[in-house]
Number of protein chains: 4
Amino acid sequence: MATALIVGAGPGLGAALGRRLAASGFTPILAARDGARAAALAQPLGGRGEAVDAADAASVAALFARLDAAGEPPAIVIYNASARLRGASAELDPAAVAQSLAVTALGGFYVAREAVRRWLERPPGAEGRRGALGFTGASASRKAYPRSAPFAMGKFALRGLAQSLAREYHPLGIHVVHMVIDGGIATEARLREVADPNALLDPDAIAEAYVAALLQPLSAWSHEVELRPYCETF
Amino acid sequence: MATALIVGAGPGLGAALGRRLAASGFTPILAARDGARAAALAQPLGGRGEAVDAADAASVAALFARLDAAGEPPAIVIYNASARLRGASAELDPAAVAQSLAVTALGGFYVAREAVRRWLERPPGAEGRRGALGFTGASASRKAYPRSAPFAMGKFALRGLAQSLAREYHPLGIHVVHMVIDGGIATEARLREVADPNALLDPDAIAEAYVAALLQPLSAWSHEVELRPYCETF
Amino acid sequence: MATALIVGAGPGLGAALGRRLAASGFTPILAARDGARAAALAQPLGGRGEAVDAADAASVAALFARLDAAGEPPAIVIYNASARLRGASAELDPAAVAQSLAVTALGGFYVAREAVRRWLERPPGAEGRRGALGFTGASASRKAYPRSAPFAMGKFALRGLAQSLAREYHPLGIHVVHMVIDGGIATEARLREVADPNALLDPDAIAEAYVAALLQPLSAWSHEVELRPYCETF
Amino acid sequence: MATALIVGAGPGLGAALGRRLAASGFTPILAARDGARAAALAQPLGGRGEAVDAADAASVAALFARLDAAGEPPAIVIYNASARLRGASAELDPAAVAQSLAVTALGGFYVAREAVRRWLERPPGAEGRRGALGFTGASASRKAYPRSAPFAMGKFALRGLAQSLAREYHPLGIHVVHMVIDGGIATEARLREVADPNALLDPDAIAEAYVAALLQPLSAWSHEVELRPYCETF
């Protein structure tokens, strides 16, 4: 049975993606800095948890090596990690900015590299399909907000990565989806603060659109997909 | 039973949209300049055909008045009409350019206006939902090609219309989807010319993504959706 | 001495463009619906006024024929006309929307067509340069605002026109500049309402950047140029 | 006399910017990894050279501290450094990718941070103007090419940085210009390979547009400026 790997999997969108992928027959592998927490999220979905530091190329390589050893090369890989750093740009700590960019964007490269290498080494599947890569973007992927320069850098970079990979690997049967989440994602805490629950993005609704895109037929692929609540200004 | 109106419905995408909407329980109403042809396409889908000149505001108003009279106000309205005019810009006939812009963009305004007026007059449905509007775009919606100025004008204008309506009416429960078809749509003739059928957009695959977007839950709406074959350069 | 034609020339940006072009040695020809008013603006600049209905292809053709007859084919042509129509989209008059689109976008095509035809018929100038076309855009050229659908359609269409013409005619030595004015232009009335005059775009500052772009050397052309006050949000 | 700092200054665009800034009365300070080489370029322009490793926050801080000590705080700061890495994404060395992103984007943050901190500490100049920041972009800033993922990441990130800083600091009198160089820059070697010298961007023509933007009046600022040869496809 095919597996699907979600890097940067928390209790919100990460778990929802795991649920949705499990519903489509994939065994979800949830990876996060805290492997035990990821395992606790994955277990009810029939999946597994893994520990990874996405900003560290060696840690990402080790994760994929473990999946190889377990005979579980993922057919779908989603990069869902990011690190936001807010504040006046002139007052931010340079090392924290570098770390934010590493988690938000460089880790996406490391993960994509490991996934793509394996897909290209194996014979393709039906109709030449090799795999699907998802990158989770944000409003900041397309509009850079003030007092949020590092996040803008990271999300713009991730968008550039996704777009470059799409142009490079779409013709080889690897589908690359850049999912722009343009609004707040619903959490229990946030839902208590809004009058209308539809003012926040339901993680399961995001997962539905995200996974549908990753499973599209080869004749009609979406690369960039945007989602926002009906009442969100944009 | 709810109806869905497709303006500019031919045997390709228009019919596929009708099929897909019928599968979701809508009675498809296919409207085209040639009403008899539209009726022939709609009949096998359990739908109806209508004649309309989309570039003529009075003809569009008459179409909606006929639907009113039949007690069939559509819950979904898709504007799928366009008129491409190719050639060196300096040599095009001004009247033909004006007509091309009228069919590609102005007709979209006329149709949207009639639909939105009715939705705003009626009480909203579940969760405040009133209706869904689709506009069919093309590669030229976002990149203006040489020797194709009128089509660029029309498709850019249609994108501006869709985006303006989304900002105006999303908060009122009317979902506006701008579907960017970035590649050639498969026809029997075109399929004979390509080695790989997935190099062309399958109308049913487009319809699947198009209707899925129009039926998204309020918490996670896509406004602009792009679709292209896996091997399409962009 | 070379002439420069400004279609849609009023006392603000139109006159400023005339001044700036005169300073660079061009005889400015200011064209507007009211020819006498245009003449009054042009006279102090050593230029001439012309009457034109930009939304009427025949009127535009007649204007260029008069310039031909006077031996004054313009080396620079700027399309500065537009018609904004505000209000809830569902309540706008369809005929007014069509007229708004005609003035804002179709007129740009008519004017460009007449200019380009003449430039292509004549031998090119130094380094193969044939002429320069300017189109005045607005914030609405790139972001479609609610309750302003016709203006969004018109300005999006004009952007598509400019971009298509740039791709078609740049290699033939015709420079196409799309100038995005992202903010309010200073007028005496508006200046009385703001605390800081720099919160509004000074027409002479716009004209400086606009004409500088139109006169760029062939090795480094700007196509789309944006200008906004330092304190404008975007 | 005011100084202008160019970080990442080579014999092409860097030197041309130095020349152009000197012509406007600024003492150019050219900074590069090889300080001696930068000094050799700066000397004929009446300027100075400095050594800096832009990807190292401490090295950037030390550069600005030296300028402070010399009583030469720059009024204009341009980030012109970048590191391109080409090749199939799956085969690139992760450490080289991280280094490419650091030079192309993180260094821009380090340099901007040092400049902005100083401008905000000093009283503003005429009309509230504090300084001007330029970031050199490329075609890859807006379109991510295949087999060039790290450069796409870096240039997208730099664009996000510039746009975020513009929104944050424009209202405080700091002008941020993102200059998109969409084509090849002329070098002696490249000029020997093309039939038409205007097919390459003349560094002096770029510098002319770049510095003109950095010196715009507060009422009409360009944030993103694009330049390409007249015959460049885009």
Side-chain angles (χ1 to χ4, degrees), chain A residues 13 16 126-130 132 142 163 166-186 191 194 196-210 212-213 215-234, chain B residues 13 16 126-130 132 142 163 166-186 191 194 196-210 212-213 215-234:
Chain A
L13 179 54
E127 294 185 301
R129 193 187 284 263
R130 290 179 189 273
R142 302 196 289 197
Q163 202 181 97
R167 291 198 169 95
E168 188 168 341
Y169 294 117
H170 272 195
L172 301 183
I174 297 170
H175 188 181
V176 182
V177 173
H178 181 236
M179 176 70 47
V180 178
I181 311 296
D182 187 19
I185 300 182
L191 284 168
V194 295
D196 178 1
N198 286 322
L200 294 167
L201 288 134
D202 173 13
D204 290 308
I206 300 174
E208 176 60 35
Y210 210 148
L215 298 179
Q216 286 170 327
L218 282 97
S219 105
W221 276 1
S222 298
H223 167 57
E224 188 157 281
V225 178
E226 60 178 27
L227 290 175
R228 65 177 65 84
Y230 78 104
C231 55
E232 184 80 20
T233 54
F234 69 101
Chain B
L13 179 54
E127 295 185 300
R129 193 187 283 264
R130 291 178 187 274
R142 302 197 289 196
Q163 202 179 98
R167 290 199 169 92
E168 188 168 343
Y169 294 117
H170 273 193
L172 301 181
I174 297 170
H175 188 180
V176 182
V177 173
H178 181 236
M179 177 68 49
V180 178
I181 311 296
D182 187 19
I185 300 182
L191 284 169
V194 293
D196 177 2
N198 286 321
L200 295 166
L201 288 135
D202 173 14
D204 290 308
I206 301 174
E208 176 60 36
Y210 209 149
L215 298 178
Q216 285 170 329
L218 283 96
S219 107
W221 276 2
S222 298
H223 166 57
E224 188 157 282
V225 178
E226 59 179 27
L227 290 175
R228 65 178 65 85
Y230 78 103
C231 56
E232 185 80 19
T233 54
F234 70 102

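From a predicted model like this one, the values you see are computed outputs, not experimental measurements. Each chain gets a letter, A, B and so on, in the order its sequence line appears, and its residues count up from 1.
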> Where does the angle between the aromatic ring planes of A:His170 and B:Phe234 fall among parallel (under 30°), tilted (30 to 60°) and perpendicular (over 60°)?
Replying inline: tilted
> Are A:Leu218 and B:Pro229 side-chain neighbours, meaning at least one heavy-atom pair lies under 4.5 Å?
Replying inline: no
> So which part of B:His175 gets closer than 4.5 Å to some heavy atom of chain A, the side chain, the backbone, both or neither?
Replying inline: neither
> When rounded to the nearest 0.5 angstrom, what is the spacing between CD1 in A:Ile174 and OH in B:Tyr230?
Replying inline: 13.0 Å
> What part of B:Gln216 lies closer than 4.5 angstrom to a heavy atom of chain A: side chain, backbone, both or neither?
Replying inline: side chain
>> Less than 4.5 Å to any heavy atom of chain A: does that hold for the side chain of B:Leu200, its backbone, both, or neither?
In response: backbone
> Which heavy atom of B:Glu224 sits nearest a heavy atom of A:Glu226, and at what distance?
Replying inline: N-OE2, 2.7 Å
> Between B:Asp202 and A:Ser219, what is the shortest heavy-atom contact and its length?
Replying inline: N-OG, 2.9 Å
> Under 4.5 Å between any side-chain heavy atoms of B:Asn198 and A:Glu127, yes or no?
Replying inline: yes
> For the side-chain contact (heavy atoms from CB on, under 4.5 Å) test, which of B:Leu227, B:Val180, B:Asp182 pairs with A:Ser222?
Replying inline: B:Leu227
